[in-house]
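Heads up: the structure comes next, in structure tokens.
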Amino acid sequence: MIAKLDSMLLPRKKFLYHYKNVRWARGRHETYLCFVVKRRVGPDSLSFDFGHLRNRNGCHVELLFLRHLSTLCPGLSGYGFHGERRVSYSITWFCSWSPCANCSSRLVQFLKQTPNLRLRIFVSRLYFCDMEDSREREGLRLLKKVGVHITVMSYKDFFYCWQTFVAQQSKFKAWEDLHRNSVRLARKLNRILQPCDTEDLRDAFKLLGL
DNA sequence: ATTTTCAAT
């Protein structure tokens with residue numbers, strides 16, 4: 001049992017390499033996704049599962065996760081006796097990259113027809129989000145729109161992941177600039193998710209007295 | 001100052 005559990009844990013070096021939130025993440029040709037699944041059956045029965053995945057064979061890790069979802073979340077789809085959804089799940093995942101445009105749109109599609117699933121996404125780095133009009137940025141906004149909470153990982157999140165998903169013998173030690181990078185990325189994500197329709201612009205102008 | 005990105009070779 002212990003051995004099985006150990007093999008589910010992420011090697012220390014892999015975690016540090018892939019989750020490092022450096023500005024120029026050269027050579028990260030893999031993406032890791034650490035997840036926690038919570039299942040609510042009755043008013044107070046709560047169970048718990050966790051693990052990690054990485055992309056394989058050209059398949060992005062988010063889509064791989066969706067493929068595993070029915071096994072991970074029994075009773076997620078389908079209906080109970082009286083036509084009501086039977087089981088509610090909440091999933092939190094921590095991904096080394098934010099989702100690409102295609103993965104975002106697939107997730108949005110899935111979540112729209114699965115209201116009994118709540119998803120919270122933490123990301124270490126933002127994937128192709130430099131251009132103002134990038135499809136990746138739009139994808140993140142669509143995720144927000146269907147109720148996904150997307151957050152940039154901070155020290156406490158890396159710490160939690162280290163405790164939960166990593167085969168470690170030592171306490172988590174922050175790399176140089178972890179905090180600075182996290183703050184920079186969080187600001188960038190906020191700007192991306194900031195609603196910017198005309199209504200809001202009008203309010204902003206009013207506020208500025210223009 | 002500039003650099004990368006769920007590879008492809």
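Within every chain, numbering begins at 1; the chains are lettered A, B, ... in the order of the sequence lines, protein sequences first and strands thereafter. Any value given below was found using the heavy atoms of this structure, including those in side chains, with hydrogens, waters and symmetry copies removed.
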Can you measure [X] atom [atom1] to [N] atom [atom2] for me and round it to whole angstrom units?
X: A:Met131; N: B:dT5; atom1: CE; atom2: P; value: 16 Å
X: A:Leu63; N: B:dC6; atom1: CG; atom2: C1'; value: 10 Å
X: A:Arg28; N: B:dA7; atom1: CZ; atom2: P; value: 15 Å
X: A:Asn21; N: B:dT5; atom1: CG; atom2: P; value: 17 Å
X: A:His29; N: B:dA8; atom1: NE2; atom2: P; value: 10 Å
X: A:Lys20; N: B:dT3; atom1: NZ; atom2: C1'; value: 16 Å
X: A:Glu136; N: B:dC6; atom1: CD; atom2: P; value: 10 Å
X: A:Tyr19; N: B:dT5; atom1: OH; atom2: P; value: 18 Å

Fill in: Whole-Å P distance, B:dT9 and B:dT5
15 Å
Worksheet entry | Test of ring centre spacing under 6.0 Å for A:Phe15 and A:Tyr32 | no
Fill in: Close aromatic pair by centroid cut-off 6.0 Å: A:Tyr19 and A:Phe94
no
Discussion item. Can you tell me whether the side chain of A:Trp24 and the base of B:dT3 have a donor-acceptor pair closer than 3.5 Å?
Written reply: yes
Worksheet entry | Where A:Arg125 and A:Lys20 come nearest, the two heavy atoms and their spacing | NH1-O, 2.7 Å
Fill in: Non-hydrogen atoms of A:Thr164 and A:Tyr160 that approach each other most closely
OG1-O, 2.7 Å
Worksheet item: So what does A:Arg23 touch, heavy atoms closer than 4.0 Å: a base, only the sugar-phosphate, or nothing?
Response: base
Worksheet item: Side-chain donor-acceptor pair under 3.5 Å between A:Arg40 and A:Ser88, yes or no?
Response: no
Worksheet item: How about A:Ser90 and A:Arg118: does a side-chain donor come under 3.5 Å of a side-chain acceptor?
Response: no
Worksheet entry | Within residues 95-104 of chain A: residues closer than 4.0 Å to DNA chain B (heavy atoms) | A:Trp97, A:Ser98, A:Pro99, A:Cys100
Worksheet item: Is there a side-chain polar atom (N or O) of A:Tyr32 under 4.0 Å from OP1 or OP2 of B:dC6?
Response: no
Worksheet item: Step by step, would you call A:Glu138 with A:Arg141 a salt bridge (Lys or Arg N to Asp or Glu O under 4.0 Å)?
Response: CA-CA 5 Å; A:Glu138 188 54 30; A:Arg141 284 190 285 266; 3.0 Å; yes
